[in-house]
Amino acid sequence: MTTLDPVTTTTLVHRASDSSDWWRHAVIYQVYPRSFADASGDGIGDLPGVTSKLDHLARLGVDAVWLSPFYRSPQADAGYDVADYRDIDPLFGTLEDFDEMIAKAHRLGLRVIVDLVPNHTSDEHVWFQAALAAGPGSPERARYIFREGKGPDGSEPPNNWQSIFGGPAWTRVEDGEWYLHLFDSKQPDLNWEHPEVHEEFRSVLRFWLDRGVDGFRVDVAHGMVKAEGLPDWDGHVAMVEGADDGSTGAGNQGPMFDQDGVHEIYREWRKVLDEYDDRILVAEAWVEPLSRLARYVRPDEMHQAFNFSYLTTLWDATALRTVVTASLEANDAVGAPSTWVLSNHDVVRHPSRLGLSVPGSKPQGIGVGDEQPDEELGLRRARAATLLTLGLPGSAYLYQGEELGLPEHTTLDDSLRQDPAWWRTGHTERGRDGCRVPLPWEAKSPGFGFSPTGKTWLPQPETWDRYALDAQVGVEGSTYEMYREALRARRDHRLGSGSLGWVDGLPGCPDANVVAFVNREVLVVANLGTDPIGVPAGAELIMSSAPLTEDGAIPSDTTAWFTLSS
Ligand code: GLC
């Protein structure tokens, strides 16, 4: 009854590839070390904790792990304020713990990518301490961006730039000079016009490459070079509503971002990486449109860039088709893989975003008093979004806990918030703590098995027992088992290196709110509408994010994968 005509027409947007480069199709799992697993019992995750759970990741079926920073740091921005790029913070362990972790990961066939934070250091880094001590005009200050203030007594900041976390992007030091920080005042920006900065980071790259890392995720990759003269900026953000190039407004704008000079840095780094086998650079660059982002992944620059346009696209079939097409076209034009990402440590988790009244919108955190997401509907859509994502050709990023269907903590007590954005915005942005809550591993243990003592650096919602890993393993239909099955099927059908041809309206339901495409021999159909839709003749079900209806149709907010008989 619900069987439609066979699929015959597709519009080919992207061809399958035979490349042996692992990163072109890899599924990469983000570990946020302080919230992944705690072995020491202090309530903060650590490297031995990561090592103890690597079997879970191998069993899940991912190809690589990316770890957020674990370097020595006063933790003013959860480790994105690095005081020593060549050492591990005692909170997370030691260099020996790192060596053990990477050795085990490699034994299990998992590659390891580490975070590199080159836009700024911690204010406790020896270079910044030396800059403060040496005073105005010194060579030590030249490694950062120090300027005199404006006004007769220099008491106004050198320009009007605002920090991404809120408040002015300049802080005045005792002798009267100001230094630039695009983020917190404890994260002074480096001066990338200084040769010693270049030299230092090439050496840091080699330090970790020699220790065996498989690549770097480059933090704020679009911010390191600022426009000549540091001109004022009025903060106007161009409107992108309904953009046909896949833009969603996710790109940072202004004279502090996406300056042409950054590309010279990546060309330099690429040469270092090419001295080693198979290592990669991944750009965290909030840049739009996608054609502009693709400049970061030209053949002599980085290998991948996070696709934030995709992450910020609303739950709408037309918008999703547009962003997928724009992503594949822009990256194909430079010979790079597209990446797909739905969640990370900086955004509200996707099950919660998709449970909001504007599904897929991106609030700056959610707390008591804000609109609360519909948890069931959000999870249902998140599973559909994930299956859609994992069906796309390219490399996919998963954020720890999404394989459990974990929602945002949306009722965290404001007094516990640690994200500097919360106070720097005068409590107008709740910030990112809600997506950084320690993972639930065991439904019945204190702290849900996150730590041997039951301690957790942020409290977990009491209802998280239902999301715990041990409540989902082997349970048919659980989110964890769905991820595992999807990753296996993705590998079996080689979808990561596959093709994309849009099905031009499913035969029998051309106008439905549907994203339907063919990747190699697999048909992927995501039904974002309210009515169930039929299944094309000859399509054999591989898996779906929710059960099909009794008469075999794809229900609302569900994605299904089929093989097509040729
Ligand atoms: C990146 C990180 C974020 C951090 C910021 C400053 O956006 O992902 O967590 O706060 O850079 O380093």
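Counting starts at 1 for both ligands and their atoms, in listed order.
- Rounding to the nearest 0.5 Å gives a distance of 8.5 Å between CG of L293 and CG of D258.
- Protein residues are said to neighbour a ligand when one of their heavy atoms lies under 4.0 Å from it; for ligand 1 these are D77, Y80, H120, F165, F183, Q187, R217, D219, V220, E284, H345, D346, R432, R436.
- Evaluation of the salt bridge (Lys or Arg N to Asp or Glu O under 4.0 Å) rule for D260 yields R292, R295 as partners, not counting sequence neighbours.
- For D89, there are no salt bridge (Lys or Arg N to Asp or Glu O under 4.0 Å) partners, not counting sequence neighbours.
- Listed by chain and residue number, nothing satisfies the side chain to side chain donor-acceptor pair (under 3.5 Å) test with N160 (two or more places apart in sequence, or in another chain).
- Aromatic ring pairs are classed by plane angle as parallel below 30°, tilted from 30° to 60° and perpendicular above 60°; the pair W441 and H56 is perpendicular.
- Relative ring orientation between Y399 and H345 is described as tilted, the plane-to-plane angle lying within the 30° to 60° band.
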